[in-house]
Amino acid sequence: MAGIKNAQAPRPLLDVHNLSVAVKLASKARAYAVDKVSFSVGVGETLALVGESGAGKSLTAMALMRLHKAQTMDVEADRIDLLGRDIARMNDREIRSIRGSTVAMIFQDPLSALNPVLTVERQLVESIVLHNDMSRSQARKRALELLDMVRIPAAGSRLSEYSHRLSGGMRQRVMIAMALAGNPKLILADEPTTALDVTISAQILDLLKELQRDLGVGMLFITHDLHAVRTVAHRVAVMYSGRIVETGDVSKVFNDPSHPYTEGLLAARPHGSFVGAAHRLREIPGTVPAPADRPAGCAFAPRCNRRTAECEVRPPPLEYVGPAGFACYHPLQEVPA
Amino acid sequence: MLRRVLLSPAGIIGLITLLIIVGMALSAPYVFPKGPWSLVARPYLWPGQREGLIFGTDALGRDILAGVFYGSRVSLLVGIVATACALLIGITVGAVAGYFGAAADAVLMRITDAFQTIPGFLFAVVLVSILSPSIATIILAIATVSWPPVARLTRAEVLRVRESEYVQSCKVIGMSAPRIILTQVLPNSLSPVIVAAAVLVATAIITEAGLSFLGLGDPNVMSWGTLINVGRPSIRTTWFICIIPGLFVVLTVLALNLLGDAINDALNPHLRRR
Amino acid sequence: MDRQFWTYLGWRGAQSLVIIAIVIVGSFLLLHLVPGDMVDVLGGQRGDMDAEMMADLRARYGLDRPVLVQLLEYIGAVLRGDLGYSFRNSTDVLSLVLQRLPTTILLVVCSVITAVFIGTMAGVVAARHSHRLIDVVISMVVLVFYATPIFLTGLGLMIVFSVKLRLLPIGGLMTPGFGGNWLELVTNVVTHLILPVLSLSLFYIAIYTRLARASMLQVLEQDYIRTAYAKGLSTYNVIIGHALRNALLPVVTMVGLQIAELFGGAVLTETIFSLPGVGRLAYDAVFERDYPLILGVLLVCSFIIIMVNLIIDIIYTLLDPRVEVSR
Amino acid sequence: EEPVRGGEATFLMSPAPQVLTSAMTTAGAEQVVSAKISDSLFTYDFNLNPQPLLAESYEVSDDGLRVTFHLRKGVKWHDGVEFTSEDLAYTTMEVWKVLHGRGRTIFANVESVETPDKHTAVFVMRRPSPGMLKSLAAQYAQILPAHIYKGTDPLTNPANLKPIGTGPFRFVSFQPGDNLVLERNPDYWDEGKPYLDKLIFRFIPDPATRAAALESGDAHIVPQNLIPMADLERLEASGEFDVTTKGYEFLNEMEMIEFNLDDDVMKDIRVRKAIAHAIDRQWIVDNILFGYGQPATTPLHHQLTELHDDTGVPQYEYDPEKSKALLEEAGYKADANGVRLKLVVDPLPYGDHQQHIGAYMREAMREVGIDLEVRAQDFAGFVKRVYTDRDFQFTVNLLTGGSDPTVGTQRTFWGPSFKIGVGFSNGSHYENPEMDKILEDAAAEMDPAKRKELYHQFQKLAMEDLPAFPLVAVESTTTASKRLKNHSIDANGTYSNFAEVWLEPAK
Amino acid sequence: MTRRLEVADLVVRHKTRKGTVHAVAGVSFEIGAGQTLGLVGESGCGKSSLARAIVGLNKPTSGNLAINGTAVDPRRPSSRARDMQMIFQDPYGSLNPRLTVRELVEEPLKVHRLRSRAERREWVKALLDRVGIPETMHDRLPHQLSGGQRQRVGIARALALEPKIIICDEPVSALDVSVQAQVLNLLVDLQREQDLSYLFISHDLEVIRYVSHWIAVMYLGVIVEIGPVDRIWKSPLHPYTRALMQTTDNREMQAGPEVKLNSELPNPLSPPSGCRFRTRCPLAIERCAQEEPQLREEAAGHKVACHRAQEWASRVSAAA
Ligand SMILES: Nc1ncnc2c1ncn2[C@@H]1O[C@H](COP(=O)(O)OP(=O)(O)OP(=O)(O)O)[C@@H](O)[C@H]1O
Ligand SMILES: Nc1ncnc2c1ncn2[C@@H]1O[C@H](COP(=O)(O)OP(=O)(O)OP(=O)(O)O)[C@@H](O)[C@H]1O
Ligand SMILES: [Mg+2]
Ligand SMILES: [Mg+2]
Ligand code: NI
């Protein structure tokens, strides 16, 4: 399937330069769970951030909104431009003022992300009142509108419900409605469908895609589901152990990957049946290193069959070829010397 | 784990204090070979009033320091034995109720509830006085009123562990229920109970002191409670008789709690690191 | 509150009945199987009762029949709302207990409220600044409270505030023979209660502080707190609006579990501050082998504790809509 | 000093009274409070001579079989009804003789009470009872209003909790277990009295709290050793409080060892003597009683000045060597640890003193090779063990001697008073016909000199046979604010009616 | 082909305070030697309940079970252990955190008192070697292993008693994609080597397709479609199966009615009357509400429970 084509070159909405997140470990050492990642999201564009568990996707999103745990983590960044303002230099008040209004978030597990003891209405209205100059009754009306917008049937009666009474899909819709309450320009969606069933997940992906198109917001879509990336994203950035190893248009990256990891990831997914074809899946040997155990050079080197001595010395830089880029000394397209 | 405990300042302070008190308990017969009861001087001597009697004498002219030394033996003994009994009852009840559920659970938990709805200390007072105060009845009474929380805690943990996949997997490999309880469920559900045990010992020591305060201590056994009881009527004048052993109670309880907290902290990240 | 809630309540009610039955049978048998009965004590105190007179008394009080018969009769009487007669006090047990109950309830309720209120506040503050100086200070202070036996706290407070400073009365529930309007009466009772309540609640303040701190820390880790921050709420609003209510849930549960202990602790407090409550009533009754009275006190206390627990369950249901699922 | 009218005095007690009349109970708390509400026939001076109260005078016939009381006229019950000889007759015959623990003994010989007129009552005796006249103070002989009690069950009469008396103070309110409030009786027969407007009793179980209450000025008077002895010195030294031992002449408490003569070991008088010699009673007086008492030389308290006489009475001075020799003689050889025999003592669980004496004895006995265990139990357990199960070796008991040997001491040594199940009777199970005869004769002897001689024989014999060993004659203390006057002016002390008590206004 | 496992009319009910859930409402299937039956369905449709009932962790309400042709009382979870084992979903929760890798794998042998100590050691070593756990890790505790390694230990443990049937309840759902492939390959290899039969549960259709010989689709406690992997993949007949296929990259599915789901699973406490799927089915007709469709064979081994299945079946066969 083809990725969604984005007609004109996007105006940058979010421009991140060398964002790092250092995690303080028990032994007082620090490890970079996110290591100098740079990316941008254009207006009306969806950038998918994919990678396996522990790659640092969530931390990246958290760090942008400064929602990381300050006691155990430090965030460093050269620059994080959001609509021309550098949010890396903002103080807490300023950050708070963009949370929910300019940037909204959707989380992976809607059950735990909704407050269990407050009604849907209370939580929705809270967001609405916070970011719009509205009375309570106006806010209630707006809440109903939002629930309709995310296609919750019988929205009126859902307002007084508690989250545990809603189904998984419904909860995620409520989360999305809450995210939309402040009319954000950018939505950070952290694995919004991972906790959901395939059928529901498809519905939510459709909804997100539609909303994003209709409202023209930018979206940073975090996932490890490659199929989901194809469905909703324009561009994709592949993360591996805290670094972006490859980025580019979805169709380019998926159909013609440059980085061996990207390729391995794509090939590891079952395609077809072993019964007839009797083929085995492509394995990537080993496991993702934890940030503290990351080797000096290319983080993927220990698992890579193309590695050379060079790979183990210094991490390869992310090099751009047009809009696409990859971080590998031995990309797949490399003409063997 | 010990290392983790020792890494936290609270753990170290707690452990050292406790070791000192245990040391006092062990060394008592050597330091005071004549025992805690011998009448060494005039009653109500103030601390330091007479050389060699740094804590003074009690209402009968016994050396309070000796009493404190010997008292630590009894207080620790009461604390530990009562806790051991409470743990034995509580863990058994909790494990059976939690693992087998259904009728066993209903019956055992109602009994536990019944014990929990009777005011604990009051019940201990009733028990000790009708059975007549002795170290055995005091231990019995304390154990009787302190097992229900252990049972609840164990049950909750067992319920959690029972549903875990590794217990399921043991059922699938054909392990018998008793063996599962003993080798799988209990070892994995007792950490919070161990933490609670430290606090239980502390509570037992306080309860013993409280009972003695009401005159329900064992008169043949020198505990901190005994001293407190002896000193209590004259607390307005010779407050030290009451306060010194009282401070030791406070210290021990503090130490046990600090240690319990440290163990808890040491166990927790371990469990959370998944 | 829907039907489910009422079914649940009915279920809890049934459980409570079973518990009370266990308490009755258990304590009755316990008290009747130990040596020494009320007549022994009576005989002892009167000094010159002969065996016949004692046998007479036993017959009169029904103490000469088989224990099981006595038990069945007792249960029958309890069902009729009759807790027996305290011959020592020449009054029926129920009215005796009811006369003393308000004092104890006042003491316990005030202590619970104080402990929960101060404890939760301290716990929230400590959690909010966890691992900083204020947290350490709160934790240590509270631990010392926790480690100090109630009687030491009580006597200490009394010596300082009543004897040395002469700020507060020494004991009792109110000035004997107090006559005044209700406002003066309330003031009078309050001044009498300050020290007992404080000494009883200090221990529990510690428990609630630690609990509230732990629970707050745990709640602050939850995803919905992150959601609240992501909405753009201020820390204050997040804590008050989102975290507190969730953090209170274990506190509420703990109140239920601890109410019985507080009644127990009341024995000591009432003794030290000479409050005419049920704790002291029971304590005196024990020494006089006034079995109907001891039983009555235990029973009424259990009953109240069970009722309190039911109320707490209802509060819990109001605070946490998930109960219908989790219980 | 000129008494001042007015003021409220607070009286601390423990335990709390359960009812407010003492006509049916021997419990001390009831006696103290009811004496203020209801007057008795007499009060007693320090030498235990009766002083008129409701009885203006009395006479005894020569054979001692008719005792006539002339009652005071114009005395009214608090409800306005006149007090008459009918009240006395009713109370004597239907209450004291039937329901009062001591009364049953004291008035055992009263056959009937004749009431020739409203103000004369004649006690018709079966045998002379000289001791009876020592026992007509309020604590043993509180008179009840016949118009309220007659025809009811006195034990459950509601007036027990809302008493109607003839005394200087009227009932106002009673919070069981907490306080009792009395007010001045304006119609009191002794016009002008009482001086106090209000008398408040507070029942405080904790000794430290009592001391604190006295010190903080919340209370004015605390009777009967209810202030810890250790505090007395300091309180006295403060200059604000008085400590007095006056006013307990009728009480005559004695710390006494009762040996169980049914016990194989205790049967042996050498062992009993050995125990007696092993105890330093002066130590007990000095260190446990803080000097409030004397080593007892006979079973009769030294405050019973008329009868107490230790001339020629065998004494058991503190002498461990003698004690060891006696044990040796009795066949108890020391083992490797120096232990000759193991014994158990049961101290009466009432107050701390017996426990402390027990604890002291454990140490003292060790000196002579007796390994002593001090058993703990509560009051009920003690009574049952000693008087019903008789499962003990010896006790440390606190026995009330009373105003006359017939009231108290007699039951400990008189054979017939041994009854299973009866508390504080003849706990030793001592039976000696000679002794029985002496006691019976003495009880009925009208001639004071002969009576004294009989009791002297009693004291000698008791100390020879040693069924019980009197340790210490206790002197009880009353601690009171110096502002409170006239509270211990007769033998009844704090048990008297407090009509004379007055409170100096605070400066 | 021998029948390893036969399940007939299995019913599992869970009593809850709110009512009774018919988690498995009459399920029948069989698995042959060396074959895999893949079981898919949405969360809550009863897959785990079914699996647990088969291994004896749940007591089924009714139904029959036969292993190698011999009937086993499904209500008595006695010694099925040596014929049948299970691999669990959660690689973190399925191993006792206090036992070493070696002990974990040895445990089943000890329980059944099989082999001598030395033999046991040998066997454990061989097993761990086979699943790819290097000897250096044999004395580690579970928390010192990665998710994939744990799952391998779980597999070795399941194989210790040399069972022929293995029930795999979502064995790879919790694993990273790159590790998933390793485990899937291992499972497939083991099957070939040892002639194992799998009941393989997943909600990932691609995974199911990869490992299975047969696929069964479950919906609210019943199997709505079952058949050989290729048939199901290429010509699914049940609208629900078709809806599931839409969520994959299945490009081989034959044209048929477009089924897009817009609603969620109904409350399992009160499943709809008639066809359970009708409330979400865009193709439902009146009959669906009245009559519960039975599994009917539409082609060799391919059974569907849908009143309208024949309509598309004829079209499919026409197209074929
Ligand atoms: N609070 C924390 N303390 C220490 N390390 C952390 C913390 N949170 C995350 N990490 C580490 O940081 C790394 C990145 O975590 P992150 O949550 O961003 O991964 P992710 O890509 O979102 O994974 P997933 O797909 O599982 O959500 C991981 O190795 C994780 O162990
Ligand atoms: N122990 C239980 N008690 C009560 N209800 C249960 C229990 N186990 C499962 N259920 C219910 O039975 C139904 C089927 O659950 P089951 O776990 O078998 O589904 P599943 O298909 O395995 O789902 P998943 O894909 O989420 O694992 C669900 O509605 C579930 O709520
Ligand atoms: Mg994440
Ligand atoms: Mg499942
Ligand atoms: Ni595609």
Side-chain angles (χ1 to χ4, degrees), chain B residues 9-10 106-107 109-132 145 148-149 152 199 202-203 205-216 224-225 228 232 235-236 239 242-243 246-247 249-258 261 264, chain C residues 15-16 18-27 30-31 34-36 139-140 143-144 146-152 155-156 159 163 203 206 210 256-257 259-268 271-272 278-279 282-283 285-287 289 291 294 297-299 301-306 308-309:
Chain B
V107 171
M109 279 303 112
R110 289 304 78 74
I111 293 179
T112 313
D113 281 342
F115 272 92
Q116 271 191 316
T117 56
I118 297 183
F121 187 71
L122 185 59
F123 197 55
V125 166
V126 171
L127 273 181
V128 172
S129 58
I130 62 177
L131 298 177
S132 89
V145 299
R152 287 200 169 282
V199 179
T203 314
I205 290 176
I206 294 189
T207 310
E208 192 270 340
L211 287 171
S212 296
F213 179 81
L214 290 179
L216 293 171
W224 291 334
I228 289 173
R232 163 197 173 204
I235 190 168
R236 288 287 298 110
W239 47 265
C242 219
I243 296 298
L247 282 182
V249 171
V250 174
L251 266 183
T252 313
V253 172
L254 263 179
L256 282 165
N257 275 287
L258 287 175
D261 287 355
N264 194 20
Chain C
Q15 279 189 343
S16 307
V18 174
I19 295 170
I20 292 210
I22 297 176
V23 170
I24 294 182
V25 175
S27 13
L30 175 77
L31 288 178
V34 294
S139 299
M140 281 316 294
L143 200 56
V144 171
Y146 179 81
T148 314
I150 290 178
F151 51 86
L152 283 186
L155 286 173
I159 289 173
V163 180
F203 180 82
R210 300 178 61 160
L257 287 176
I259 201 85
E261 267 191 49
L262 267 134
F263 270 85
V267 178
L268 284 167
T271 306
I272 293 166
V278 281
Y283 177 64
V286 166
F287 286 94
R289 287 285 194 277
Y291 289 156
I294 301 175
V297 172
L298 288 180
L299 211 66
C301 283
S302 307
F303 183 75
I304 289 174
I305 288 159
I306 286 171
V308 170
N309 271 300

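To find a chain, count down the sequence lines: A is the first, B the second, and so on, and within it residues start at 1.
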Undergrad: Which answer fits C:I305, side chain, backbone, both or neither, if we ask what part of it has an atom under 4.5 Å from a heavy atom of chain B?
TA: side chain
Undergrad: At a heavy-atom separation under 4.5 Å, does B:T203 approach chain C through its side chain, its backbone, both, or neither?
TA: side chain
Undergrad: Which one of C:V308, C:I150, C:I304, C:L30 has the most heavy-atom pairs closer than 4.5 Å to chain B?
TA: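 The option with the most such pairs is C:L30.
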Undergrad: Could you check which of B:V253, B:I118, B:I206, B:T117 has the highest count of heavy-atom pairs closer than 4.5 Å to chain C?
TA: B:T117
Undergrad: Out of C:L155, C:L299, C:I294, which one racks up the most heavy-atom pairs below 4.5 Å with chain B?
TA: C:L155
Undergrad: Side chain from CB out, backbone as N, CA, C, O: work out which of these in C:I159 comes under 4.5 Å of a heavy atom of chain B, or both, or neither.
TA: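 C:I159 touches chain B through side-chain heavy atoms alone.
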Undergrad: Quick one: what part of C:T271 sits under 4.5 Å from any heavy atom of chain B, side chain, backbone, both or neither?
TA: side chain
Undergrad: At what distance, to the nearest 0.5 angstrom, does CD of B:Q116 lie from CD1 of C:I259?
TA: 13.0 Å
Undergrad: Where on B:A209 is there a heavy atom nearer than 4.5 Å to chain C: the side chain, the backbone, both, or neither?
TA: both
Undergrad: Can you tell me which portion of B:L127 sits under 4.5 Å from chain C's heavy atoms? Options are side chain, backbone, both or neither.
TA: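 B:L127 touches chain C through side-chain heavy atoms alone.
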Undergrad: Tell me which one of C:I24, C:V18, C:I22 satisfies side-chain contact (heavy atoms from CB on, under 4.5 Å) with C:I20.
TA: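 For C:I20, the side-chain contact (heavy atoms from CB on, under 4.5 Å) test succeeds with only one of C:I24, C:V18, C:I22, which is C:I24.
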Undergrad: For chain C, which of B:P119, B:A106, B:G246, B:A124 has the most heavy-atom pairs under 4.5 Å?
TA: B:P119
Undergrad: With sequence neighbours excluded, what pairs up with C:F203 under the ring-ring contact (aromatic ring centres under 6.0 Å, His included) test?
TA: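 Once residues adjacent in sequence are excluded, the partners of C:F203 under the ring-ring contact (aromatic ring centres under 6.0 Å, His included) criterion are C:Y146.
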Undergrad: How far does CG of C:L268 sit from CG of B:L211, to the nearest 0.5 angstrom?
TA: 8.5 Å
Undergrad: With a 4.5 angstrom heavy-atom cut-off, which part of C:I272 approaches chain B: side chain, backbone, both or neither?
TA: side chain
Undergrad: Let's test your reading of the structure: which of B:I111, B:V249, B:L214 forms the most heavy-atom pairs below 4.5 Å with chain C?
TA: B:L214
Undergrad: Using 0.5 Å steps for rounding, measure from the CG atom of C:N309 to the CG atom of B:D113.
TA: 8.5 Å
Undergrad: Sort C:V297 into side chain, backbone, both or neither according to what part of it lies under 4.5 angstrom from a heavy atom of chain B.
TA: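 For C:V297, the side chain is the part near chain B, not the backbone.
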Undergrad: What is the minimum heavy-atom distance between C:I19 and B:A114, and which atoms define it?
TA: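 That would be CG2-CA, 3.5 Å.
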Undergrad: Quick one: pull up CZ in B:F123 and SG in C:C301 and give me the separation to the nearest 0.5 Å.
TA: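 That separation rounds to 12.5 Å.
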Undergrad: I want to check something: taking the side chain as every heavy atom from C-beta on, are B:I205 and B:L256 in contact at a cut-off of under 4.5 Å?
TA: yes
Undergrad: Would you mind checking which part of B:L251 comes under 4.5 Å of any heavy atom in chain C, side chain (CB onward), backbone (N, CA, C, O), both or neither?
TA: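 Nothing of B:L251, per the 4.5 Å heavy-atom cut-off to chain C.
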Undergrad: What distance do B:N257 atom CG and B:T252 atom OG1 have between them, rounded to the nearest 0.5 Å?
TA: 11.0 Å
Undergrad: Taking C-beta and beyond as the side chain, do C:Q15 and C:I306 meet within less than 4.5 Å on heavy atoms?
TA: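 Not in contact.
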Undergrad: Picking from B:G210, B:G120, B:C242, which has the most non-hydrogen pairs under 4.5 angstrom with chain C?
TA: B:G210
